[in-house]
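Step one of this worksheet: look at the structure below.
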There are 2 protein chains.
Amino acid sequence: MGSRPDFSYVAKLMADSSRAAMLDALLRLDGLPANELARKANISLQTASGHLAKLVEGNLISVEKYGRHRYFRIASPDVAQAIEKLTIIAPAQRINSLKEFSRAEKVRIARTCYDHLAGKLGVSLTEAFLEKGYLVEGEVDFLVTDKGEKFFREFKIDLDALRNKRRYFARKCLDWSERRYHLAGSLGNAVLIRLLDLHWIEKLPDRAVRVTKKGRDGLYESLGITSE
Amino acid sequence: MGSRPDFSYVAKLMADSSRAAMLDALLRLDGLPANELARKANISLQTASGHLAKLVEGNLISVEKYGRHRYFRIASPDVAQAIEKLTIIAPAQRINSLKEFSRAEKVRIARTCYDHLAGKLGVSLTEAFLEKGYLVEGEVDFLVTDKGEKFFREFKIDLDALRNKRRYFARKCLDWSERRYHLAGSLGNAVLIRLLDLHWIEKLPDRAVRVTKKGRDGLYESLGITSE
DNA sequence: TTTATACTTCGATTATAACCGAAGTTTTAG
DNA sequence: CTAAAACTTCGGTTATAATCGAAGTATAAA
């Protein structure tokens with residue numbers, strides 16, 4: 001079966017922990033120079049240079065030369081998606097300190113991810129939207145159905161205003177602890193703001209979020225979500 | 001940010017060409033024993049045994065013991081999807097993303113799952129078998145009733161020959177999109193082959209399946225299945 | 001022109017793991 | 001009970017590649 005593309009070649013490029021650390025850094029913030037990536041992976045510049053050459057050769061990242069600087073980027077959304085899929089089936093990384101663990105536990109339940117809801121609550125909410133047929137899942141974005149248009153209008157979220165904003169509208173965002181997608185983009189942000197306005201949720205320190213008593217009732221009535 | 005999963009661990013499991021060959025074989029045909037997989041990867045049984053242990057340990061494949069036999073299968077659709085994504089970015093293959101999307105829609109309706117029917121059609125067929133009393137549902141397998149023996153004989157499927165094959169006979173397989181079980185194993189495979197022989201269904205590119213006009217009539221007459 | 005910065009190439013060392021022969025374990029078959 | 005089959009474990013060998021020091025190239029600044 002020689003004509004089939006060989007996924008082990010790509011897997012090998014991702015399999016080295018130094019290269020993985022650099023890819024991970026580029027997923028968070030692209031356009032980084034080699035010395036920065038070497039630092040993030042805790043390796044010497046020479047070693048990093050070799051790794052980066054392999055990743056470019058394998059079309060996982062691209063490089064732009066500006067004088068003596070070289071800035072690296074993830075080569076395509078397909079690469080990012082492949083890494084996401086691997087992440088979904090990867091075991092969670094061991095957490096070293098107890099202190100980190102207890103904080104991680106708290107934050108797992110409900111938290112904000114930049115400017116939208118993540119954690120168990122963010123994922124539950126998104127899955128309720130999908131199940132009720134308000135959203136459908138595309139490759140990179142969620143799409144709002146007619147039923148969804150109606151729902152969000154009644155929920156006092158102005159979709160047209162959000163669509164006119166110069167940012168993603170209903171982007172898929174992977175939750176690392178739940179290993180599931182949740183709603184990001186301007187719609188994700190609008191949902192967070194609306195839930196805060198309704199006092200259904202409250203912000204706690206360190207990006208954690210708490211569901212209020214009022215919120216428990218509201219979420220159950222409008223979306224059938226029960227807290228555990 | 002301590003709880004981020006480490007994708008390089010999974011990538012490493014897929015990075016070895018012998019392991020990749022075995023995973024590839026399991027994507028095409030699941031429920032294979034170790035010696036078969038060793039042969040496909042051109043390695044000794046001892047080496048294969050070590051590789052398979054690692055893949056099981058990493059939750060990429062699962063194993064079920066039946067006496068001195070051990071049958072391996074891809075652990076979950078997530079694993080299959082991750083490999084698919086890696087294949088997309090592997091060299092020497094280009095994919096048109098628009099075509100890709102419309103195909104994904106088609107694939108949800110009817111498709112093959114490794115080597116048997118899945119999707120809405122696979123589930124409907126299996127439920128018809130159950131409803132007519134040709135199959136009953138066990139813990140892990142379906143069981144063929146006396147009525148079923150007669151039906152499959154008339155349908156030109158030789159059950160005794162299938163039972164002698166070195167693989168599962170009538171395994172339950174969960175369809176991810178329909179969230180229902182459908183018929184896998186050698187009987188599931190035989191049903192797929194028979195429907196193709198009868199020209200009731202046709203294979204489309206990439207695991208999608210189409211019900212023909214002849215098939216619509218045949219499925220309705222013999223099993224009362226109507227296409228939606 | 002000289003020096004500093006950013007990165008690459010080369011070479012030697014070292015760690016990892018893929019590999020198979022041989023021996024061991026478990027289960028079925030006779 | 002013995003033998004065969006299917007698979008695992010152990011041990012030694014070998015191939016791969018990750019690593020960094022040292023030296024080299026390219027560009028910019030002084």
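Chain A is the first sequence line, chain B the second, and so forth, proteins listed ahead of strands; every chain is numbered from 1. Please read all numbers here as calculations on a predicted model, not as lab measurements.
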Short side-chain N/O contact to D:dT8 OP1/OP2 from B:Ser49, under 4.0 Å:
yes
Please state whether the phosphate of D:dC20, meaning OP1 or OP2, lies under 4.0 angstrom from any side-chain nitrogen or oxygen of A:Thr47.
yes
Quick one: is D:dT19 close enough that its OP1 or OP2 comes under 4.0 Å of any side-chain N or O from A:His51?
yes
Spacing between B:Leu37 atom CG and D:dA6 atom P, to the nearest angstrom:
14 Å
List the atom of A:Ile43, the atom of A:His51, and the distance in Å for their closest heavy-atom pair.
CD1-CD2, 3.9 Å
Among D:dC7, D:dC20, C:dC7, which nucleotide has an atom closest to any side-chain atom of B:Pro33?
D:dC7
Which nucleotide in the set D:dC20, C:dC7, D:dT8 lies at the smallest distance from any side-chain heavy atom of B:Arg70?
D:dT8
Mutual orientation of the aromatic rings belonging to B:Phe152 and B:Phe129 [parallel < 30°, tilted 30-60°, perpendicular > 60°]
perpendicular
For B:Leu32 and D:dA6, what is the distance between atoms CG and C1' respectively, to the nearest whole Å?
15 Å
Separation of atom CZ in A:Arg39 from atom C1' in C:dA6, rounded to whole Å
16 Å
Nearest-Å distance for atom pair CZ/C1', residues A:Arg19 and C:dT16
14 Å
Report the distance from atom CD of A:Glu64 to atom C1' of C:dA6, rounded to the nearest whole Å.
17 Å
Quickly work out the B:Tyr9 OH to C:dT16 P distance and round it to whole Å.
16 Å
Send over the distance from B:Lys12 NZ to D:dA18 C1', rounded to a whole Å.
10 Å
Heavy-atom closest contact (A:Asn189 atom, A:His116 atom, distance):
N-CB, 4.0 Å
Would you call B:Arg153 and B:Glu149 a salt bridge, using N to O less than 4.0 angstrom?
no
Regarding the side chain of B:Gln46, the nearest nucleotide among C:dT8, D:dT19, D:dT9 is D:dT9
Measure from CD1 on A:Ile43 to P on C:dC7 and round the result to the nearest Å.
13 Å
Any salt bridge between A:Arg39 and A:Glu36, counting N to O under 4.0 Å?
yes
Counting only side-chain N and O atoms of B:Asn35, is one of them less than 4.0 Å from OP1 or OP2 of D:dA5?
no
Mind checking if B:Lys65 touches a base, just sugar-phosphate, or nothing, with heavy atoms under 4.0 Å?
nothing
Kindly point out which of C:dC7, D:dC20, D:dC7 is positioned nearest to the side chain of A:Ser44?
D:dC20
